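Notes for the one structure printed next.
We count ligands from 1, going down the list as the structure has it; atoms in each ligand are counted the same way. Only a predicted model underlies this, so the values are computations on that prediction, with no experimental measurement involved.
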Amino acid sequence: RAKTHCKGYHHFYTPDLNERVQHRIYLEETVRTALDEQMIQVYFQPVIDMETGRLSSSEALARLFHPERGEIPPGQFIPLAEENGLIYRLGEYVFRQACSQYAAWLELGVVDASVGINLSARQFIQPNLVDNLLGILQETGLSPDRVTIEITENSLMQDIDESVRTLRRFKDAGLQISIDDFGTGYSSLSYLKTLPVDQLKIDRSFIRDLMVRDNQAAIVTAIISMAHSMHMRVVAEGVETKQQFDFLKQSSCDYVQGYYFSKPLSVIHAQPHFEKETVFFYGT
Ligand code: C2E
Ligand code: MG
Ligand code: MG
Ligand code: MG
């Protein structure tokens with residue numbers, strides 16, 4: 001009986017599983033080729049200072065444009081690269097591209113901002129991570145105080161003691177630390193206090209539901225005042241509407257990022273928006 005059951009199960013699920021495996025292999029090949037042939041681009045999304053209405057920093061975001069399949073979203077290829085280890089190459093590539101672009105912009109003297117660069121969980125526990133990234137900074141000539149590392153709560157929770165050491169090394173070298181997607185992970189106030197963190201990025205899901213769900217507004221306000229009491233600054237990501245913006249302004253949120261101001265931009269499209277004189281809105 002068990003055999004029959006097993007066979008039936010097999011028969012029923014094979015085609016679907018096969019398709020998924022095929023798609024995965026295909027995607028994996030695509031990411032590898034994209035890295036080999038430099039088909040991955042780095043886009044930059046403005047992060048704006050609430051007080052001045054000017055660019056404060058931008059977030060570097062990987063973009064994969066495939067000649068036949070078109071754009072493949074990071075939500076697909078980042079988790080895959082994370083699983084198969086390509087994230088090390090991908091991560092270094094993005095870091096190097098972002099740093100050399102910023103070094104060039106600063107050299108031109110038209111931009112005065114810093115850059116946020118995402119690190120995945122697996123990258124974060126790589127033993128030579130800090131040395132590698134500091135090496136890239138040296139190589140590109142970008143000053144470490146122009147770089148903010150974006151890392152999720154869950155990545156930090158893998159090994160808290162080790163995380164503290166890694167973050168300290170980044171801090172000692174002059175980089176800033178930001179906790180990404182804040183509110184979606186397992187963090188608690190008590191452990192947050194032990195980490196050398198400069199900034200919290202409130203996850204987009206909280207901002208999205210700000211005007212829809214009653215308690216979301218209270219949560220966002222609480223995160224902001226808690227962060228401020230711990231001398232951290234707060235970024236709201238995924239700001240799409242004027243109502244959200246007005247609420248965040250009223251709640252003393254420090255920085256805003258989202259489609260309401262700008263989507264992530266290619267280097268060519270970014271430059272005019274990144275110039276010192278550009279005002280996204282009139283500050284407070
Ligand atoms: P993230 O680090 O939380 O990045 C913010 C994401 O929110 C980006 O998605 C950005 O395009 C999107 N976003 C910003 N404002 C809005 C808005 O107003 N509305 C909506 N709907 N979306 C908005 P993206 O570029 O698709 O990246 C998704 C995730 O993939 C990132 O989330 C990050 O976790 C990961 N990722 C992207 N690039 C890299 C990278 O170079 N390295 C690593 N490790 N992860 C990356
Ligand atoms: Mg991020
Ligand atoms: Mg984020
Ligand atoms: Mg997010």
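The Mg ion (ligand 2) is the vertex of the angle joining OE1 of Glu150 and OD1 of Asn118, which measures 90° to the nearest 10°.
Inspection of the Tyr102 and Thr140 side chains reveals no N or O donor paired with an N or O acceptor under 3.5 Å. Remark: the Gln176 side chain and the Thr148 side chain contain no N/O donor-acceptor pair separated by less than 3.5 Å. Side-chain contact check for Ser205 and Asp203: at least one donor-acceptor pair (N or O, by modelled atom type) lies under 3.5 Å. A side-chain N or O of Gln45 and one of Gln257 form a donor-acceptor pair less than 3.5 Å apart.
Aromatic rings of Phe281 and Phe261 (six-membered ring for Trp) have centroids within the 6.0 Å cut-off, being under it.
The Mg ion (ligand 3) has an N, O or S atom of Asp180 inside 2.8 Å of it. With 2.8 Å as the limit, Glu237 counts as an N, O or S neighbour of the Mg ion (ligand 3). Within the coordination shell of the Mg ion (ligand 3), defined by N, O or S atoms under 2.8 Å, Asp181 is present.
Remark: distances from the non-hydrogen atoms of Gly91 to ligand 1 are all 4.0 Å or more. Ligand 1 lies within reach of Arg63, whose nearest heavy atom is under 4.0 Å from it. Heavy-atom separations between Pro73 and ligand 1 are all 4.0 Å or longer. Residue contact annotation: Gln123 has a non-hydrogen atom under 4.0 Å from ligand 1.
Nearest heavy-atom pair, Leu55 versus Ala113, reported as atom, atom and distance to 0.1 Å: CD2-CB, 3.7 Å.
Note that the CD atom of Gln138 and the CG atom of Asp131 stand 11.0 Å from one another [nearest 0.5 Å].
Contacts between Asp180 and ligand 1 below 4.0 angstrom, taking non-hydrogen atoms only, involve the side chain exclusively. Counting heavy atoms closer than 4.0 Å to ligand 1, residue Ser120 contributes atoms from both its backbone and its side chain. Contact annotation: for Glu59 versus ligand 1, heavy atoms closer than 4.0 Å belong to the side chain alone. When heavy-atom distances to ligand 1 are checked against a 4.0 Å cut-off, Val239 comes that close only through its backbone atoms N, CA, C and O.
Distances between N or O atoms of Pro74 and those of ligand 1 include no value under 3.5 Å. Residue contacts with ligand 1: Tyr260 is placed with no nitrogen or oxygen under 3.5 Å of a nitrogen or oxygen of the ligand (distance criterion only).
Atoms of ligand 1 lying under 4.0 Å from at least one heavy atom of Gly238, given by number and element, are 15 (N), 16 (C), 17 (C), 18 (O). When each atom of ligand 1 is checked for a heavy atom of Glu240 under 4.0 Å away, the hits are 17 (C), 18 (O), 19 (N), 20 (C), 21 (N). Counting the atoms of ligand 1 from 1 in the order shown, those under 4.0 Å from a heavy atom of Gly258 are 15 (N), 18 (O).
Side-chain contact check for Phe124 versus Leu156: some heavy-atom pair is nearer than 4.5 Å.
Relative to the six-membered ring of Tyr259, Lys263 meets both conditions, a distance below 6.0 Å and an angle of at most 45° to the axis.
For Phe65, the side chain to side chain contact (heavy atoms under 4.5 Å, CB included) partners at least two apart in sequence or on another chain are Gln41, Tyr43, Arg63, Glu71.
Between Asp161 and Arg165 no salt bridge is recorded (no basic side-chain N to carboxylate O distance below 4.0 Å). At a threshold of 4.0 Å, the pair Arg54-Asp112 does not count as salt-bridged, since none of the basic side-chain nitrogens sits closer than that to a carboxylate oxygen.
Distances from atom 45 (N) of ligand 1 to the heavy atoms of Ile78, Val42, Val47 put Ile78 nearest. Taking only non-hydrogen atoms, the option from Glu237, Gln257, Gln45 nearest to atom 14 (C) of ligand 1 is Gln45.
Counting just the N/O/S atoms of Glu59, the one with the shortest distance to the Mg ion (ligand 2) is named OE2.
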